[in-house]
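Residue numbers run from 1 in the order of the sequence given. As the structure is a prediction and not an experimental result, all values here were calculated from the model.
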Amino acid sequence: MTTSPAYYARPVVGLHWAIALLIFAALPLGVYMGDLPLSPDKLRLFSYHKWIGVTVFVLSLLRVAARVAFAPPALPEAMPRWEQSAAVAMHALLYALIFVVPLSGWVMSSATGFQTVWFGVLPLPDLVGKNKELAESLKLLHKNLNIVIVVLIIVHVTAALKHHVIERDAVLARMLAWRRRPRRC
Ligand code: HEM
């Protein structure tokens with residue numbers, strides 16, 4: 001019989017926080033840059049946003065590989081069944097969105113006719129041809145998917161804080177690589 005680890009493996013923890021940080025950078029940048037008048041600065045911010053977004057996509061591939069390679073700790077036994085199911089569903093949705101949000105931006109950018117050149121050195125293939133109407137629909141899709149991910153992130157963070165502060169269990173601590181003292185599970 002295999003026992004569940006007490007903590008997430010370090011690569012999983014590192015990827016979790018790296019992706020979270022990059023999303024926190026891409027979100028406000030995306031909102032800010034959209035309203036700017038056309039200028040070289042605006043185009044530069046668009047590039048930074050696209051590079052961050054593509055990096056999220058690439059790290060998400062690694063994240064899935066790390067999730068397969070390293071078994072996650074089990075949810076606390078004291079957690080009610082409904083909450084365990086809700087946590088599993090929430091994590092599945094977040095996994096889907098860390099792929100779908102960047103992909104929607106990449107396809108939108110392709111439809112707009114602006115190729116993404118990752119960090120200014122690696123030209124990425126356009127996923128669709130230039131198409132103004134499609135670009136408009138994808139822009140709306142990208143925006144709405146971002147609203148969904150923001151709502152899910154708020155619920156996710158609230159749940160983590162509730163476990164840490166109110167239930168005082170190890171749910172948040174085990175995603176913090178620098179904390180090695182388990183609280184009760
Ligand atoms: C973690 C990944 C990403 C996040 C969180 C994110 C977030 C956002 C947000 C919040 C906006 C503003 C939406 C609005 O209010 O209209 C936006 C706009 C935009 N995003 Fe992303 N994005 C991501 C990935 C990408 C990627 C990978 C690309 C392209 C390769 C991209 C291209 C764009 C473009 C071009 C806009 C501006 C649309 C316009 O105003 O014309 N995004 N993004």
Side-chain angles (χ1 to χ4, degrees), residues 8 11-36 38 41-70 72 85-161 171-172 175-176:
Y8 285 96
V12 176
V13 174
L15 285 164
H16 174 276
W17 293 111
I19 291 171
L21 272 178
L22 291 174
I23 289 177
F24 287 133
L27 270 167
L29 184 55
V31 174
Y32 173 71
M33 71 190 192
D35 291 335
L36 294 176
L38 187 61
D41 277 348
K42 174 169 178 153
L43 296 180
R44 193 165 343 108
L45 292 182
F46 265 53
S47 292
Y48 295 161
H49 176 83
K50 289 170 20 163
W51 300 347
I52 296 171
V54 171
T55 306
V56 167
F57 182 77
V58 172
L59 292 183
S60 300
L61 292 172
L62 295 177
R63 177 81 202 274
V64 170
R67 177 69 172 69
V68 172
F70 303 101
S85 307
V88 170
M90 170 66 75
H91 296 161
L93 273 174
L94 282 168
Y95 267 112
L97 283 165
I98 56 177
F99 286 101
V100 174
V101 169
L103 262 181
S104 65
W106 187 350
V107 188
M108 181 237 299
S109 178
S110 307
T112 318
F114 289 104
Q115 189 184 22
T116 302
V117 184
W118 200 24
F119 293 107
V121 288
L122 183 66
L124 301 179
D126 279 331
L127 301 178
V128 292
K130 189 172 174 179
N131 180 330
K132 201 164 177 280
E133 277 171 23
L134 180 65
E136 281 307 313
S137 310
L138 289 168
K139 188 174 162 182
L140 191 61
L141 178 69
H142 191 56
K143 180 179 178 169
N144 288 334
L145 285 170
N146 271 294
I147 293 171
V148 176
I149 204 172
V150 166
V151 171
L152 291 185
I153 288 172
I154 291 172
V155 176
H156 180 68
V157 172
T158 308
L161 291 177
V171 164
L172 176 60
M175 193 42 110
L176 304 175

To the nearest 0.5 Å, what is the distance between CG on L62 and CZ on R67? 15.5 Å
So which pairs with a foot in residues 128-151 pass ring-ring contact (aromatic ring centres under 6.0 Å, His included), sequence neighbours left out? none
Are F119 and V54 packed together at the side-chain level, in the sense that at least one heavy-atom pair is separated by less than 4.5 angstrom? no
Sorted by chain and residue number, the side-chain hydrogen bond (donor to acceptor under 3.5 Å, both in side chains) partners of N131 (sequence neighbours excluded) come out as none
Roughly how far, to the nearest 0.5 Å, is NE2 of H16 from CG of L59? 13.0 Å
Where do K42 and L36 come nearest, in terms of heavy atoms and distance? NZ-O, 2.8 Å
Considering residues at least two apart in sequence or located in another chain, which fulfil the side chain to side chain contact (heavy atoms under 4.5 Å, CB included) criterion with L43? L38
Could you pull out all residues at least two apart from Y48 that satisfy ring-ring contact (aromatic ring centres under 6.0 Å, His included)? W51
My understanding is that only one of K50, Q115, K139 makes a side chain to side chain donor-acceptor pair (under 3.5 Å) with S109; could you say which? K50
Holding to ring-ring contact (aromatic ring centres under 6.0 Å, His included), I want the full list of residues that pass it with H49, two or more places apart in sequence or in another chain. none
Got a sec, which residues hit side-chain hydrogen bond (donor to acceptor under 3.5 Å, both in side chains) with S47, two or more places apart in sequence or on another chain? none
Output for pair (L22 CG, L29 CG), nearest 0.5 Å, gives 11.5 Å
Pairing residues for L138 by the side chain to side chain contact (heavy atoms under 4.5 Å, CB included) criterion, not counting sequence neighbours: V107, M108, A111, L134, L141
Given side chains that start at C-beta, do those of I154 and T158 come closer than 4.5 Å, heavy atoms only? yes
Partners passing side chain to side chain contact (heavy atoms under 4.5 Å, CB included) against A160 (at least two apart in sequence or in another chain): L172
Interatomic distance, CG@L145 vs CG@L140, rounded to 0.5 Å, equals 9.5 Å
NZ of K130 to OG of S110, rounded to nearest 0.5 Å, is 12.5 Å
Who passes side-chain hydrogen bond (donor to acceptor under 3.5 Å, both in side chains) against T116, sequence neighbours left out? none
Distance-only donor-acceptor hits, side chain of residues 96-103, under 3.5 Å, sequence neighbours excluded:
none

For Y95, side-chain hydrogen bond (donor to acceptor under 3.5 Å, both in side chains) partners two or more places apart: R63
Compare all side-chain heavy atoms of P72 with those of V12 and state whether any distance is below 4.5 angstrom. no
Sequence neighbours excluded, the answer for side chain to side chain contact (heavy atoms under 4.5 Å, CB included) partners of V157 is I153, L161
Is W106 reaching over with its side chain to a backbone N or O of P125, donor-acceptor style, under 3.5 angstrom? yes
